[in-house]
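All residue numbers in this chain count up from 1 along the given sequence. Note that these values count all heavy atoms, side chains included, but never hydrogens, waters or copies made by symmetry.
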Amino acid sequence: MIETLQPGTPAAIKAAYNQLVTVVGAVSARYLRPPHAAHTKRLTMLQSRLTHSGRPVPGLTTHQAKGGEWDIVGVVLSDTERSSLGVGLSVTQDTHRKIYVATTRARYRTIEVMSAPPPPSKRAAGKTAKSTTAKHIAGLT
């Protein structure tokens, strides 16, 4: 699969998806639709990681990161989590313990990663965008 995605082309994504269809078809009666952007999105993201010239940045959940350590850690926080950090964390609250784990995985520096707001869509016009909270960290080495 990885070798198929390596060329970094849309045709490679389609070929990789078709390989998956063949493998799934060999072990399951499940029907998979023909390749379409909605069905190949994760393959596109994987291809992007494979063809990126820089060092990859692992994205981990707080649970996966527990016990691990990196030089620099990026943390994505919700407004509520940010507020909790401002007033102090409580060991009795599960969310606070997760924030603690996420923010203490760095040897030298923890930074907050802010995601760009999604582009406005035609359906969402006039609506306020929902904020997405992510309880994960990324080791930035």
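- Between the side chain of T51 and the main chain of Q47, a donor-acceptor pair closer than 3.5 Å is present.
- Within the 4.5 Å cutoff, no side-chain heavy atoms of Y100 are placed close to those of K98.
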Atom pairs and distances, side-chain donor-acceptor, residues 84-91, under 3.5 Å, sequence neighbours left out:
from, atom 1, to, atom 2, distance (Å)
S84, OG, T80, O, 3.1
S84, OG, H96, NE2, 3.3
S90, OG, T92, N, 3.3
S90, OG, T92, OG1, 2.8

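- At distances below 3.5 Å, not a single donor-acceptor pair connects side-chain atoms of T40 with backbone N or O atoms of L43.
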Discussion item. Run L5 and I13 through side-chain contact (heavy atoms from CB on, under 4.5 Å) and show every step you take.
Written reply: CA-CA 6 Å; L5 290 170; I13 293 169; 4.2 Å; yes
Name each donor-acceptor pair under 3.5 Å that joins a side chain in residues 18-30 to protein atoms two or more places apart or in another chain, with its distance.
from, atom 1, to, atom 2, distance (Å)
N18, ND2, K14, O, 3.3
Q19, OE1, T4, OG1, 3.1
Q19, NE2, T4, OG1, 2.9
T22, OG1, N18, O, 3.0
S28, OG, R30, N, 2.9

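- Using a 4.0 Å cut-off between charged side-chain N and carboxylate O, R82 and E112 make a salt bridge.
- Remark: K41 NZ to L46 CG distance equals 14.5 Å, nearest 0.5 Å.
- I2 has its side chain within reach of Q6: a pair of non-hydrogen atoms, C-beta onward, lies under 4.5 Å apart.
- The CG atom of L50 sits 12.0 Å away from atom CE of M45, with the distance rounded to the nearest 0.5 Å.
- At a threshold of 4.0 Å, the pair E69-R105 does not count as salt-bridged, since none of the basic side-chain nitrogens sits closer than that to a carboxylate oxygen.
- No more than 12 heavy atoms of other residues, nucleotides or ligands shown are found within 6.0 angstrom of CZ on R42.
- Around CZ of R109, the count of heavy atoms belonging to other residues, nucleotides or ligands within 6.0 Å does not exceed 12.
- Side-chain contact check for V101 versus R97: every heavy-atom pair is 4.5 Å or farther apart.
- Side-chain contact check for V75 versus T110: some heavy-atom pair is nearer than 4.5 Å.
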